[in-house]
Amino acid sequence: MAEEKKVLYSAMQATGVLHIGNYYGALRNWIDLCEEYECFYAVADLHALTVRQDPAALRKSARNVLMMFIAAGLDPEKNCIYFQSHVPAHAELSWIMNCFTYMGELNRMTQFKDKSAKHSDNINAGLFTYPVLMASDILLYQTSVVPVGVDQKQHLEITRDIAERFNSIYGDVFTIPEPYFGKAGARIMSLADPTKKMSKSDENPNGCVYVLDDKDTIIRKFKKAVTDSDTQVVYSDTKPGIMNLIDIYRSATGKTVQEVESEFEGRGYGEFKLAVGETVADSMAPVRARFEELSRDKAYVDSIIKTNGERAAYAAGKTLRKVQKKVGLPERIR
Ligand code: TYM
(Lines give C-alpha, C1' and ligand atoms only; values in the text may rest on other atoms or scores of the structure.)
Protein backbone atom coordinates (compact mmCIF):
# COMPACT_ATOMS: atom_id res chain seq x y z
CA MET A 1 0.00 0.00 0.00
CA ALA A 2 1.28 3.50 -0.83
CA GLU A 3 2.45 5.43 2.20
CA GLU A 4 0.11 8.27 3.15
CA LYS A 5 1.48 11.72 2.49
CA LYS A 6 2.09 14.03 5.45
CA VAL A 7 -0.17 17.05 5.69
CA LEU A 8 0.97 20.58 4.94
CA TYR A 9 -1.16 23.59 5.88
CA SER A 10 -0.98 27.32 5.35
CA ALA A 11 -3.29 30.31 5.01
CA MET A 12 -3.40 33.97 4.12
CA GLN A 13 -5.61 36.69 5.46
CA ALA A 14 -8.54 37.51 3.22
CA THR A 15 -7.94 41.24 3.18
CA GLY A 16 -6.72 43.45 0.36
CA VAL A 17 -4.50 42.49 -2.50
CA LEU A 18 -1.45 40.31 -2.04
CA HIS A 19 1.96 41.95 -2.06
CA ILE A 20 5.32 40.57 -3.15
CA GLY A 21 6.13 39.70 0.49
CA ASN A 22 3.15 37.30 0.51
CA TYR A 23 4.19 36.04 -2.90
CA TYR A 24 7.94 35.49 -2.44
CA GLY A 25 7.72 34.79 1.30
CA ALA A 26 4.91 32.27 1.07
CA LEU A 27 2.70 31.59 -1.96
CA ARG A 28 5.42 31.03 -4.55
CA ASN A 29 7.14 28.45 -2.31
CA TRP A 30 3.94 26.43 -2.07
CA ILE A 31 3.62 25.50 -5.72
CA ASP A 32 5.60 22.24 -5.84
CA LEU A 33 4.91 21.04 -2.31
CA CYS A 34 1.86 19.01 -3.34
CA GLU A 35 4.16 16.36 -4.83
CA GLU A 36 5.44 15.56 -1.34
CA TYR A 37 2.55 16.56 0.93
CA GLU A 38 -1.21 16.58 1.09
CA CYS A 39 -1.72 20.35 0.98
CA PHE A 40 -4.45 22.56 2.44
CA TYR A 41 -4.46 26.32 1.86
CA ALA A 42 -7.11 28.52 3.43
CA VAL A 43 -8.20 32.04 2.78
CA ALA A 44 -8.42 33.20 6.39
CA ASP A 45 -11.62 35.22 6.25
CA LEU A 46 -12.54 34.69 9.92
CA HIS A 47 -9.18 36.13 10.95
CA ALA A 48 -9.91 39.20 8.85
CA LEU A 49 -12.85 40.09 11.12
CA THR A 50 -10.49 41.08 13.94
CA VAL A 51 -10.27 44.43 12.13
CA ARG A 52 -13.48 46.23 11.10
CA GLN A 53 -14.23 45.37 7.45
CA ASP A 54 -16.56 46.67 4.80
CA PRO A 55 -18.70 43.55 4.05
CA ALA A 56 -18.77 43.89 0.26
CA ALA A 57 -15.06 44.66 0.12
CA LEU A 58 -14.21 41.68 2.34
CA ARG A 59 -16.26 39.29 0.18
CA LYS A 60 -14.50 40.57 -2.91
CA SER A 61 -11.00 40.46 -1.50
CA ALA A 62 -11.51 36.98 -0.02
CA ARG A 63 -12.41 35.71 -3.50
CA ASN A 64 -9.48 37.60 -5.00
CA VAL A 65 -7.05 35.92 -2.61
CA LEU A 66 -8.47 32.52 -3.51
CA MET A 67 -8.11 33.29 -7.22
CA MET A 68 -4.61 34.55 -6.59
CA PHE A 69 -3.65 31.19 -5.10
CA ILE A 70 -4.69 29.54 -8.35
CA ALA A 71 -3.19 32.29 -10.53
CA ALA A 72 0.17 31.89 -8.80
CA GLY A 73 0.22 28.25 -9.84
CA LEU A 74 -1.48 26.20 -7.14
CA ASP A 75 -3.42 23.47 -8.91
CA PRO A 76 -6.82 23.20 -7.17
CA GLU A 77 -7.06 19.54 -8.19
CA LYS A 78 -3.89 18.75 -6.24
CA ASN A 79 -4.23 21.29 -3.42
CA CYS A 80 -7.25 21.90 -1.23
CA ILE A 81 -7.87 25.65 -1.56
CA TYR A 82 -10.83 26.88 0.48
CA PHE A 83 -12.44 29.58 2.62
CA GLN A 84 -11.87 29.15 6.36
CA SER A 85 -15.45 30.29 7.12
CA HIS A 86 -16.89 27.49 4.94
CA VAL A 87 -15.59 24.92 7.42
CA PRO A 88 -17.37 25.49 10.76
CA ALA A 89 -14.95 23.13 12.53
CA HIS A 90 -12.39 25.98 12.66
CA ALA A 91 -14.56 28.09 14.93
CA GLU A 92 -15.67 25.07 16.97
CA LEU A 93 -12.17 23.81 17.66
CA SER A 94 -11.04 27.34 18.36
CA TRP A 95 -13.49 27.60 21.28
CA ILE A 96 -12.19 24.38 22.80
CA MET A 97 -8.56 25.44 22.27
CA ASN A 98 -9.31 28.79 23.97
CA CYS A 99 -9.90 26.75 27.10
CA PHE A 100 -6.38 25.29 26.81
CA THR A 101 -4.56 28.57 26.21
CA TYR A 102 -3.36 30.97 28.92
CA MET A 103 -3.93 34.71 28.92
CA GLY A 104 -0.22 35.14 29.72
CA GLU A 105 0.77 33.32 26.52
CA LEU A 106 -1.50 35.48 24.38
CA ASN A 107 -0.28 38.64 26.11
CA ARG A 108 3.22 37.96 24.83
CA MET A 109 2.24 37.88 21.14
CA THR A 110 3.97 40.70 19.30
CA GLN A 111 1.32 40.81 16.56
CA PHE A 112 -1.34 41.48 19.20
CA LYS A 113 0.74 44.31 20.63
CA ASP A 114 1.35 45.81 17.17
CA LYS A 115 -2.26 45.49 16.03
CA SER A 116 -3.72 46.88 19.23
CA ALA A 117 -1.42 49.88 18.94
CA LYS A 118 -2.60 50.39 15.33
CA HIS A 119 -6.32 49.86 16.08
CA SER A 120 -6.52 51.34 19.58
CA ASP A 121 -10.25 52.12 19.08
CA ASN A 122 -11.06 48.42 18.49
CA ILE A 123 -8.98 46.12 20.69
CA ASN A 124 -11.48 43.27 20.56
CA ALA A 125 -11.29 39.79 22.07
CA GLY A 126 -10.86 38.27 18.60
CA LEU A 127 -7.63 40.21 18.14
CA PHE A 128 -6.40 38.73 21.41
CA THR A 129 -7.40 35.14 20.64
CA TYR A 130 -6.32 35.35 16.97
CA PRO A 131 -3.42 32.89 17.57
CA VAL A 132 -5.85 30.31 19.01
CA LEU A 133 -7.91 30.33 15.80
CA MET A 134 -4.70 30.03 13.82
CA ALA A 135 -3.59 27.09 15.98
CA SER A 136 -6.98 25.47 15.39
CA ASP A 137 -6.65 25.93 11.62
CA ILE A 138 -3.38 24.05 11.69
CA LEU A 139 -4.26 21.35 14.23
CA LEU A 140 -7.58 20.40 12.61
CA TYR A 141 -5.79 18.84 9.64
CA GLN A 142 -3.16 16.85 11.61
CA THR A 143 -0.59 19.08 9.98
CA SER A 144 3.11 18.18 9.97
CA VAL A 145 4.47 21.20 8.09
CA VAL A 146 3.43 24.87 7.95
CA PRO A 147 5.18 27.00 5.30
CA VAL A 148 5.11 30.66 6.39
CA GLY A 149 7.23 33.80 6.45
CA VAL A 150 9.29 34.39 9.60
CA ASP A 151 6.73 36.92 10.90
CA GLN A 152 4.52 33.93 11.82
CA LYS A 153 7.18 32.16 13.92
CA GLN A 154 5.68 33.12 17.27
CA HIS A 155 2.23 31.92 16.18
CA LEU A 156 3.71 28.56 15.23
CA GLU A 157 5.40 28.27 18.61
CA ILE A 158 2.17 28.87 20.50
CA THR A 159 0.40 26.35 18.23
CA ARG A 160 2.94 23.72 19.22
CA ASP A 161 2.62 24.64 22.91
CA ILE A 162 -1.18 24.35 22.85
CA ALA A 163 -1.02 21.02 20.97
CA GLU A 164 1.57 19.57 23.35
CA ARG A 165 -0.47 20.67 26.35
CA PHE A 166 -3.60 19.03 24.97
CA ASN A 167 -1.74 15.84 24.03
CA SER A 168 -0.15 15.60 27.47
CA ILE A 169 -3.64 15.45 28.99
CA TYR A 170 -5.54 13.37 26.42
CA GLY A 171 -2.91 11.31 24.57
CA ASP A 172 -1.70 11.78 20.99
CA VAL A 173 -4.64 13.66 19.52
CA PHE A 174 -2.75 16.27 17.48
CA THR A 175 0.26 16.00 15.20
CA ILE A 176 2.84 18.56 16.35
CA PRO A 177 3.51 20.87 13.39
CA GLU A 178 6.89 22.19 12.27
CA PRO A 179 7.30 25.58 10.61
CA TYR A 180 8.94 25.72 7.20
CA PHE A 181 10.54 29.00 6.18
CA GLY A 182 11.49 29.53 2.53
CA LYS A 183 15.14 30.44 1.85
CA ALA A 184 15.16 33.81 0.07
CA GLY A 185 12.11 36.00 0.63
CA ALA A 186 11.18 34.77 4.10
CA ARG A 187 11.09 38.39 5.17
CA ILE A 188 10.58 41.04 2.48
CA MET A 189 10.87 44.56 3.88
CA SER A 190 9.08 47.79 2.97
CA LEU A 191 10.68 49.71 0.08
CA ALA A 192 9.96 52.96 1.94
CA ASP A 193 11.43 51.80 5.27
CA PRO A 194 13.60 48.68 5.00
CA THR A 195 13.62 48.21 8.77
CA LYS A 196 9.88 47.31 8.67
CA LYS A 197 8.35 44.28 6.97
CA MET A 198 6.45 44.91 3.75
CA SER A 199 2.79 45.18 4.66
CA LYS A 200 -0.52 46.26 3.10
CA SER A 201 -0.90 48.74 5.93
CA ASP A 202 2.30 50.63 5.00
CA GLU A 203 1.51 54.35 5.29
CA ASN A 204 3.73 55.14 2.31
CA PRO A 205 2.10 53.78 -0.90
CA ASN A 206 5.55 53.26 -2.44
CA GLY A 207 6.60 50.90 0.35
CA CYS A 208 4.42 48.00 -0.74
CA VAL A 209 4.49 46.37 -4.20
CA TYR A 210 1.34 44.46 -5.07
CA VAL A 211 1.23 41.36 -7.25
CA LEU A 212 -1.45 43.05 -9.37
CA ASP A 213 0.43 46.36 -9.82
CA ASP A 214 1.14 47.04 -13.50
CA LYS A 215 4.70 47.08 -14.83
CA ASP A 216 5.15 50.87 -14.75
CA THR A 217 3.91 51.09 -11.16
CA ILE A 218 6.22 48.31 -10.03
CA ILE A 219 9.24 49.91 -11.69
CA ARG A 220 8.35 53.35 -10.28
CA LYS A 221 8.13 51.94 -6.74
CA PHE A 222 11.50 50.22 -7.05
CA LYS A 223 13.12 53.36 -8.46
CA LYS A 224 11.96 55.19 -5.32
CA ALA A 225 13.16 52.45 -2.93
CA VAL A 226 14.96 53.93 0.06
CA THR A 227 18.66 53.00 0.18
CA ASP A 228 21.84 54.47 1.74
CA SER A 229 24.18 57.05 0.24
CA ASP A 230 26.81 54.54 -0.89
CA THR A 231 26.91 53.16 -4.45
CA GLN A 232 28.07 49.55 -4.12
CA VAL A 233 25.60 46.68 -4.37
CA VAL A 234 26.86 44.66 -1.39
CA TYR A 235 24.87 42.46 1.02
CA SER A 236 25.54 43.95 4.45
CA ASP A 237 23.61 44.66 7.69
CA THR A 238 24.66 48.28 7.41
CA LYS A 239 22.70 48.56 4.12
CA PRO A 240 19.18 47.30 4.94
CA GLY A 241 17.65 48.82 1.78
CA ILE A 242 20.16 47.14 -0.54
CA MET A 243 19.94 43.88 1.41
CA ASN A 244 16.18 43.88 0.88
CA LEU A 245 16.53 44.60 -2.86
CA ILE A 246 19.11 41.81 -3.18
CA ASP A 247 16.74 39.43 -1.36
CA ILE A 248 13.88 40.38 -3.69
CA TYR A 249 16.08 39.97 -6.75
CA ARG A 250 17.28 36.58 -5.47
CA SER A 251 13.67 35.53 -4.92
CA ALA A 252 12.74 36.50 -8.46
CA THR A 253 15.80 34.99 -10.18
CA GLY A 254 17.00 32.16 -7.92
CA LYS A 255 20.53 33.68 -7.94
CA THR A 256 22.87 33.61 -4.95
CA VAL A 257 24.03 36.73 -3.08
CA GLN A 258 27.51 36.41 -4.68
CA GLU A 259 26.03 36.14 -8.16
CA VAL A 260 23.94 39.28 -7.61
CA GLU A 261 26.88 41.21 -6.15
CA SER A 262 29.14 40.38 -9.08
CA GLU A 263 26.41 41.05 -11.66
CA PHE A 264 26.07 44.62 -10.35
CA GLU A 265 29.66 45.34 -9.41
CA GLY A 266 30.51 48.93 -10.34
CA ARG A 267 27.06 49.60 -11.84
CA GLY A 268 25.52 51.78 -9.10
CA TYR A 269 22.18 51.77 -7.30
CA GLY A 270 20.10 53.37 -10.09
CA GLU A 271 20.80 50.57 -12.52
CA PHE A 272 20.30 47.92 -9.83
CA LYS A 273 16.90 49.29 -8.74
CA LEU A 274 15.69 49.39 -12.33
CA ALA A 275 16.82 45.79 -12.92
CA VAL A 276 15.04 44.57 -9.77
CA GLY A 277 11.87 46.46 -10.76
CA GLU A 278 11.88 45.03 -14.30
CA THR A 279 12.57 41.49 -13.12
CA VAL A 280 9.80 41.58 -10.51
CA ALA A 281 7.34 43.10 -12.99
CA ASP A 282 8.15 40.39 -15.55
CA SER A 283 7.73 37.60 -13.02
CA MET A 284 4.33 38.99 -11.92
CA ALA A 285 2.98 39.43 -15.48
CA PRO A 286 1.82 35.80 -16.00
CA VAL A 287 0.24 35.72 -12.52
CA ARG A 288 -1.69 38.89 -13.34
CA ALA A 289 -2.83 37.51 -16.68
CA ARG A 290 -4.06 34.24 -15.15
CA PHE A 291 -5.82 36.17 -12.41
CA GLU A 292 -7.70 38.23 -14.98
CA GLU A 293 -8.72 35.06 -16.82
CA LEU A 294 -10.06 33.54 -13.60
CA SER A 295 -11.96 36.73 -12.76
CA ARG A 296 -13.97 36.13 -15.95
CA ASP A 297 -14.66 32.46 -15.19
CA LYS A 298 -17.13 32.57 -12.31
CA ALA A 299 -18.48 29.04 -12.80
CA TYR A 300 -15.03 27.45 -12.61
CA VAL A 301 -14.00 29.37 -9.47
CA ASP A 302 -17.37 28.60 -7.83
CA SER A 303 -16.90 24.89 -8.50
CA ILE A 304 -13.47 24.96 -6.82
CA ILE A 305 -14.92 26.79 -3.81
CA LYS A 306 -17.63 24.17 -3.43
CA THR A 307 -15.67 20.95 -3.94
CA ASN A 308 -12.60 22.01 -2.01
CA GLY A 309 -14.68 23.41 0.83
CA GLU A 310 -16.34 20.01 1.17
CA ARG A 311 -13.00 18.19 1.12
CA ALA A 312 -11.63 20.44 3.85
CA ALA A 313 -14.77 20.03 5.98
CA TYR A 314 -14.49 16.24 5.75
CA ALA A 315 -10.85 16.21 6.89
CA ALA A 316 -11.44 18.77 9.65
CA GLY A 317 -14.54 16.99 10.94
CA LYS A 318 -12.55 13.86 11.77
CA THR A 319 -10.21 15.71 14.16
CA LEU A 320 -12.99 17.80 15.64
CA ARG A 321 -15.05 14.74 16.57
CA LYS A 322 -12.04 13.12 18.19
CA VAL A 323 -11.36 16.25 20.27
CA GLN A 324 -15.02 16.60 21.29
CA LYS A 325 -15.02 13.03 22.50
CA LYS A 326 -11.74 13.40 24.40
CA VAL A 327 -12.88 16.48 26.33
CA GLY A 328 -16.17 14.82 27.28
CA LEU A 329 -18.80 16.48 25.11
CA PRO A 330 -21.88 14.22 24.80
CA GLU A 331 -22.00 11.94 21.79
CA ARG A 332 -24.47 12.73 19.02
CA ILE A 333 -27.40 10.39 18.50
CA ARG A 334 -27.65 9.40 14.83
P1 TYM B 1 -0.69 37.02 6.34
O2 TYM B 1 -1.95 37.04 5.55
O3 TYM B 1 -0.25 38.26 7.04
O4 TYM B 1 0.50 36.58 5.41
C5 TYM B 1 0.41 35.45 4.57
C6 TYM B 1 1.78 34.84 4.38
O7 TYM B 1 2.68 35.80 3.83
C8 TYM B 1 3.84 35.90 4.65
N9 TYM B 1 4.28 37.30 4.66
C10 TYM B 1 5.53 37.67 4.34
N11 TYM B 1 6.61 36.97 3.99
C12 TYM B 1 7.73 37.66 3.72
N13 TYM B 1 7.82 39.01 3.80
C14 TYM B 1 6.76 39.76 4.17
N15 TYM B 1 6.86 41.09 4.21
C16 TYM B 1 5.53 39.09 4.47
N17 TYM B 1 4.30 39.52 4.85
C18 TYM B 1 3.55 38.40 4.96
C19 TYM B 1 3.37 35.47 6.04
O20 TYM B 1 4.43 34.97 6.82
C21 TYM B 1 2.40 34.36 5.71
O22 TYM B 1 3.07 33.14 5.50
N23 TYM B 1 -1.95 34.66 10.53
C24 TYM B 1 -1.59 34.47 9.15
C25 TYM B 1 -2.68 33.76 8.34
C26 TYM B 1 -3.06 32.43 8.90
C27 TYM B 1 -2.26 31.25 8.87
C28 TYM B 1 -3.07 30.24 9.48
C29 TYM B 1 -0.98 30.97 8.38
C30 TYM B 1 -4.25 32.12 9.48
N31 TYM B 1 -4.25 30.81 9.82
C32 TYM B 1 -2.58 28.93 9.60
C33 TYM B 1 -0.52 29.65 8.51
C34 TYM B 1 -1.31 28.67 9.12
C35 TYM B 1 -1.39 35.83 8.53
O36 TYM B 1 -1.85 36.82 8.98
O37 TYM B 1 -0.68 35.79 7.35
Side-chain angles (χ1 to χ4, degrees), residues 7-30 33 39-51 61-62 64-66 68-69 72 74 80 82-85 87 90-91 93-94 97 109-112 114-115 118 126-127 129-141 143-160 162-163 177-202 207-211 240 243-244 247-248 250-251 312 316:
V7 174
L8 178 145
Y9 188 94
S10 202
M12 279 195 193
Q13 287 224 44
T15 38
V17 217
L18 301 190
H19 54 70
I20 61 167
N22 300 131
Y23 182 76
Y24 291 127
L27 189 49
R28 205 260 322 250
N29 308 320
W30 299 351
L33 296 170
C39 297
F40 292 87
Y41 297 107
V43 177
D45 46 4
L46 295 174
H47 275 110
L49 298 178
T50 52
V51 176
S61 61
N64 282 353
V65 173
L66 186 126
M68 190 65 85
F69 282 5
L74 282 179
C80 186
Y82 72 100
F83 290 125
Q84 182 190 32
S85 66
V87 180
H90 288 255
L93 183 65
S94 186
M97 292 297 108
M109 295 290 119
T110 50
Q111 187 173 302
F112 171 66
D114 292 351
K115 283 208 176 167
K118 237 181 226 165
L127 204 56
T129 58
Y130 180 112
V132 183
L133 178 59
M134 178 159 160
S136 305
D137 297 344
I138 296 167
L139 299 175
L140 265 179
Y141 296 87
T143 303
S144 295
V145 185
V146 187
V148 277
V150 285
D151 61 321
Q152 297 298 317
K153 193 165 176 249
Q154 212 185 19
H155 287 159
L156 257 295
E157 281 160 5
I158 193 173
T159 300
R160 289 168 57 90
I162 298 169
E178 298 282 345
Y180 166 88
F181 305 116
K183 284 174 230 96
R187 195 166 165 82
I188 301 288
M189 311 307 277
S190 160
L191 297 191
D193 178 356
T195 61
K196 290 201 192 119
K197 79 165 182 172
M198 183 174 286
S199 149
K200 304 165 212 194
S201 49
D202 201 319
C208 185
V209 178
Y210 295 103
V211 176
M243 255 171 85
N244 188 35
D247 278 336
I248 295 172
R250 285 170 60 207
S251 301

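Both ligands and their constituent atoms are indexed starting at 1 by order of listing. Only heavy atoms go into these numbers, but all of them, side chains included; no hydrogens, no water, no symmetry mates. In this text the structure is predicted, and so the values were computed from the model without any measurement.
- Within the listing of ligand 1, atoms 6 (C), 7 (O), 22 (O) sit less than 4.0 angstrom from a heavy atom of A26.
- At a 4.0 Å cut-off, not a single heavy atom of Q84 sits close enough to ligand 1 to count as contact.
- Here's the thing with M12: none of its N/O atoms is less than 3.5 angstrom from an N/O atom of ligand 1.
- Under 4.0 angstrom from ligand 1, the non-hydrogen atoms of R187 all belong to its backbone.
- Judged by distance alone, the side chain of R160 and the main-chain N or O of P177 form a donor-acceptor pair under 3.5 Å.
- Within the 4.0 Å heavy-atom criterion, the part of I138 lying near ligand 1 is the side chain and not the backbone.
- At a 3.5 angstrom cut-off on N or O pairs, S10 does not count as close to ligand 1.
- The main-chain N or O of L46 is found under 3.5 Å from a side-chain atom of Q84 such that the two form a donor-acceptor pair.
- The backbone N or O of V146 lies less than 3.5 Å from no partner atom in the side chain of E178, so there is not a single donor-acceptor pair.
- Contacts of I188 with ligand 1, taken as heavy-atom pairs under 4.0 Å, involve both backbone and side chain.
- Using a 4.0 angstrom heavy-atom cutoff, Y130 counts as in contact with ligand 1.
- For Y141 and H90, the distance between ring centers is under 6.0 angstrom.
- The backbone and the side chain of N22 each have at least one atom closer than 4.0 Å to an atom of ligand 1 (non-hydrogen atoms only).
- Atoms of ligand 1 found under 4.0 Å from any heavy atom of H47, numbered from 1 in the order shown, are 30 (C), 31 (N).
- Residue M189 does not touch ligand 1, judged by heavy-atom distances below 4.0 Å.
- Interface atoms of ligand 1 facing M198, defined by a heavy-atom separation under 4.0 Å, are 15 (N), 17 (N).
- Counting heavy atoms under 4.0 Å from ligand 1, residue A11 touches it through both backbone and side chain.
- With sequence neighbours excluded, no residue forms a ring-ring contact (aromatic ring centres under 6.0 Å, His included) with Y23.
- At a 3.5 angstrom cut-off on N or O pairs, D137 counts as close to ligand 1.
- No side-chain donor-acceptor contact under 3.5 Å links K200 to the backbone of V17.
- With F69 as reference, W30 is the one residue of W30, F83, F40 to meet the ring-ring contact (aromatic ring centres under 6.0 Å, His included) rule.
- Any N or O atom pair closer than 3.5 Å counts here, and Q111 shares no such pair with ligand 1.
- The ring-ring contact (aromatic ring centres under 6.0 Å, His included) test applied to H19 returns no partner, not counting sequence neighbours.
- Every N/O-N/O distance between V150 and ligand 1 stays at or above 3.5 Å.
- Close N/O approach between G149 and ligand 1 is found [any backbone or side-chain N/O within under 3.5 Å].
- Short contacts between ligand 1 and G25, defined as distances under 4.0 Å to a heavy atom of the residue, involve ligand atoms 11 (N), 12 (C).
- Although no hydrogens or angles enter the test, the distance criterion places a donor-acceptor pair under 3.5 Å between the side chain of N29 and the main chain of Y24.
- Considering backbone and side-chain atoms together, K200 places no N or O closer than 3.5 Å to any N or O of ligand 1.
- Not a single donor-acceptor pair under 3.5 Å links the side chain of T143 to the backbone N or O of L8.
- Looking at heavy atoms from C-beta onward, M134 lies in side-chain contact with L156 at the 4.5 angstrom threshold.
- Of the possible donor and acceptor atoms, one in the side chain of N244 sits under 3.5 Å from a partner among the backbone N and O of M189.
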